[in-house]
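Chain letters run A, B, ... following the sequence lines, proteins first, then strands; residues in each count from 1.
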There are 2 protein chains.
Amino acid sequence: MMAAIDSIVNELARRNITPSHQRVMIMKYLVENQCHPTVDQIFSALRQQIPTLSKATVYNTLNVLAEAQLVRVLSIEDNETRYDITTETHGHFKCSSCGRIYNFAVDVDRFVSGELRDFRITEKNVYFSGICPTCLGKAEKEKRR
Amino acid sequence: MMAAIDSIVNELARRNITPSHQRVMIMKYLVENQCHPTVDQIFSALRQQIPTLSKATVYNTLNVLAEAQLVRVLSIEDNETRYDITTETHGHFKCSSCGRIYNFAVDVDRFVSGELRDFRITEKNVYFSGICPTCLGKAEKEKRR
DNA sequence: TTCTAAGCTTAGAATCATTATAATTTCATT
DNA sequence: AATGAAATTATAATGATTCTAAGCTTAGAA
Ligand SMILES: [Mn+2]
Ligand SMILES: [Mn+2]
Ligand SMILES: [Zn+2]
Ligand SMILES: [Zn+2]
């Protein structure tokens, strides 16, 4: 699915973020690659289209987008920050075997008790980890032979 | 409340972790300081009692304890890992104004939809952030004068 | 007791993700 | 075309964590 450049440009402009070529391409990449990429993945992929691209620009842009709440920052593990264009609250499951990150729905309002009544909550993150069905299946097969 | 050295020694021994002086003191510190300290906080505090203590030992010990599931690792923000002696599942709220981290209860089973039925979940983290009541109160007072 | 080996601790070097800096480029406005 | 603010770039700096190699502890064997 092609990301509509125009809608990205508009979305950035609406928030007073200059829609530079680099910024638009980074947004486009995030829309087209919703696998929660790292800075390095974004940088390496885009470098082929924009040979002059600097990693600092990728960092700067992602910080600008996060500030504007156009991307969500995932600190699921503390050595690799990942980015998600989907900003609505949802949970993330990281498979410790294959490293893949899965989305899942969480009923946030349900599980927060009144305990946080007097807190102003601006961000909600739910991170699970373990083994995904695919990797569980592989392990099962291994055992059986 | 004094942490019972004996019970710490036993708990370590039960898991085949040699209860060295450094390890016991680090455990004891975590029991007595349940404010989710960073490696640096633990190191700086204990250095006064154990002048030869090395930061590498603090890292090594925390990794050993985490491996044995005696401490929980918090990656609430990706530049500072924190440690929690309470391993039962509970949520963490970080106030972006004062930096304090609050615990709160979460009804885990309630909010996990059947979506993850086929996943083996080994770790569950719930991280919220925003402004705590104390800081909200201060801001309110500021405005009023 | 002395010897030995395994496991722990230590200091400092190495790594690696992220941020800071300063020069250059882009681009809208005059 | 000239101006100037903002964005981009390359590179240096920072800082948390891990690695490495040497020294220390300790329990069991001789
Ligand atoms: Mn997601
Ligand atoms: Mn806690
Ligand atoms: Zn997997
Ligand atoms: Zn606060």
Side-chain angles (χ1 to χ4, degrees), chain A residues 8-9 11-29 36-68 70-83 94 99 101, chain B residues 8-9 12-29 36-68 70-83 94 99:
Chain A
I8 291 173
V9 169
E11 196 151 17
L12 289 174
R14 201 178 317 138
R15 304 188 194 223
N16 292 315
I17 298 169
T18 310
S20 69
H21 183 226
Q22 287 86 341
R23 286 175 175 169
V24 172
M25 293 306 276
I26 289 169
M27 274 284 271
K28 181 166 177 289
Y29 182 85
H36 315 96
T38 62
V39 166
D40 230 65
Q41 288 170 343
I42 300 169
F43 173 69
S44 302
L46 289 182
R47 186 136 223 224
Q48 304 188 29
Q49 306 169 46
I50 316 170
T52 62
L53 183 66
S54 162
K55 197 175 272 192
T57 298
V58 179
Y59 276 105
N60 289 338
T61 298
L62 290 169
N63 288 341
V64 166
L65 296 179
E67 191 79 27
L70 285 172
V71 304
R72 166 179 282 265
V73 180
L74 304 185
S75 305
I76 188 163
E77 281 189 62
D78 60 312
N79 57 330
E80 52 170 21
T81 304
R82 294 173 169 273
Y83 295 87
K94 172 157 188 175
I101 294 178
Chain B
I8 291 172
V9 169
L12 289 173
R14 202 179 315 140
R15 304 188 194 226
N16 291 315
I17 298 169
T18 309
S20 69
H21 183 225
Q22 288 85 343
R23 286 175 176 169
V24 172
M25 292 307 276
I26 288 167
M27 273 285 269
K28 181 166 177 287
Y29 181 86
H36 315 95
T38 62
V39 166
D40 230 65
Q41 288 170 345
I42 300 169
F43 173 69
S44 303
L46 289 181
R47 186 133 224 224
Q48 305 187 27
Q49 306 168 48
I50 315 169
T52 60
L53 183 65
S54 161
K55 198 174 271 190
T57 299
V58 180
Y59 276 105
N60 289 341
T61 298
L62 290 169
N63 288 341
V64 167
L65 297 179
E67 192 78 27
L70 285 173
V71 303
R72 165 178 281 266
V73 180
L74 305 185
S75 304
I76 187 163
E77 280 188 61
D78 61 313
N79 57 328
E80 52 171 19
T81 305
R82 293 171 171 274
Y83 296 87
K94 171 158 188 177

Closest non-hydrogen atom pair, A/Phe43 against A/Ser54
CE1-C, 3.7 Å
In the strands shown, is D/dG4 matched to any nucleotide by a Watson-Crick or G-U wobble pair with both distances under 3.5 Å, and which?
C/dC27
Contact interval (first through last nucleotide) of DNA chain C with protein chain A, 4.0 Å heavy-atom:
C/dA17 to C/dA20
With a 4.5 Å limit on heavy-atom distance, are the side chains of [X] and [Y] in contact?
X	Y	value
B/Thr38	B/Gln41	yes
A/Leu65	A/Leu12	yes
B/Leu70	B/Ile17	yes
A/Val9	A/Val24	yes

Between A/Leu62 and A/Ile42, is the side chain to side chain contact (heavy atoms under 4.5 Å, CB included) condition met? List the steps.
CA-CA 10 Å; A/Leu62 290 169; A/Ile42 300 169; 4.0 Å; yes
So if I take residues 45-63 of chain B and measure heavy-atom distances to DNA chain C, which residues fall below 4.0 Å?
B/Thr52, B/Leu53, B/Ser54, B/Ala56, B/Thr57, B/Asn60
Expected output: side-chain B/Arg82 to main-chain B/His36 donor-acceptor under 3.5 Å:
yes
If only atom types and distance count, is the side chain of B/Arg23 paired as donor or acceptor with the main-chain N or O of B/Thr18 below 3.5 Å?
yes
Using whole Å, what does the distance between atom P of nucleotide D/dT17 and atom CZ of B/Phe43 come to?
13 Å
Starting at the 5' end of DNA chain C, which residue's closest nucleotide do you reach first, A/Thr81 or B/Gln22?
B/Gln22
